[in-house]
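Each residue takes its place number in the sequence, starting with 1. Only heavy atoms go into these numbers, but all of them, side chains included; no hydrogens, no water, no symmetry mates.
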Amino acid sequence: LDSVQCQRLIQRACPDYDLNQQLCLASTGRMIPSRSQQMHYCASDDYDNCPLYLCKALRSGRREGLDRDSLFDCGK
């Protein structure tokens, strides 16, 4: 894949990738993922295994009142 094809694939697969800025929006620091990170996490339907995506999910869940103890209560 050339660079443009790769970027478009990533944009379609990952909801947190900004093609125009080539940034990961899941990152609090607006990180630019390396090419290997992009291919491993961003360019597939498994973007939800990405450490940055998982951190974002944890940060957003905290605002909704979730905490560590509630995860144990639900059996996870």
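With sequence neighbours left out, Asp18 forms a salt bridge (charged side-chain N to carboxylate O under 4.0 Å, His left out) with no residue at all. In this structure, the side-chain hydrogen bond (donor to acceptor under 3.5 Å, both in side chains) partners of Asp16, at least two apart in sequence or on a different chain, are Lys56. Residues meeting the side chain to side chain contact (heavy atoms under 4.5 Å, CB included) test with Cys24, sequence neighbours left out: Ala26, Ser27, Pro33, Leu52. Residues satisfying the side chain to side chain contact (heavy atoms under 4.5 Å, CB included) test with Ser36, not counting sequence neighbours, are Ser34.
Proximity of Arg35 to Gln38: side-chain heavy atoms (C-beta onward) are separated by under 4.5 Å at one or more points. Using a 4.5 Å cut-off on side-chain heavy atoms (C-beta onward), Gln37 and Met31 make contact. The closest side-chain heavy-atom distance from Cys6 to Met39 is below 4.5 Å.
Grouping Ile, Leu, Val, Met, Phe, Trp and Tyr residues whose side-chain heavy atoms lie under 4.5 Å apart, directly or via other members, leaves Tyr41 alone, with no other cluster members. Ile32 belongs to a hydrophobic cluster with Leu23, counting contacts under 4.5 Å between side-chain heavy atoms of Ile, Leu, Val, Met, Phe, Trp and Tyr, direct or through other members.
The shortest heavy-atom contact between Ser60 and Ala57 is OG-O, 3.1 Å.
Looking at Gln7 and Tyr17, their side chains do bring a donor and an acceptor atom within 3.5 Å of each other.
Atom CG of residue Leu25 and atom SG of residue Cys14 lie 8.5 Å apart, to the nearest 0.5 angstrom. From Asn49, atom CG reaches atom CG of Leu54 across 6.5 Å, with rounding to the nearest 0.5 Å.
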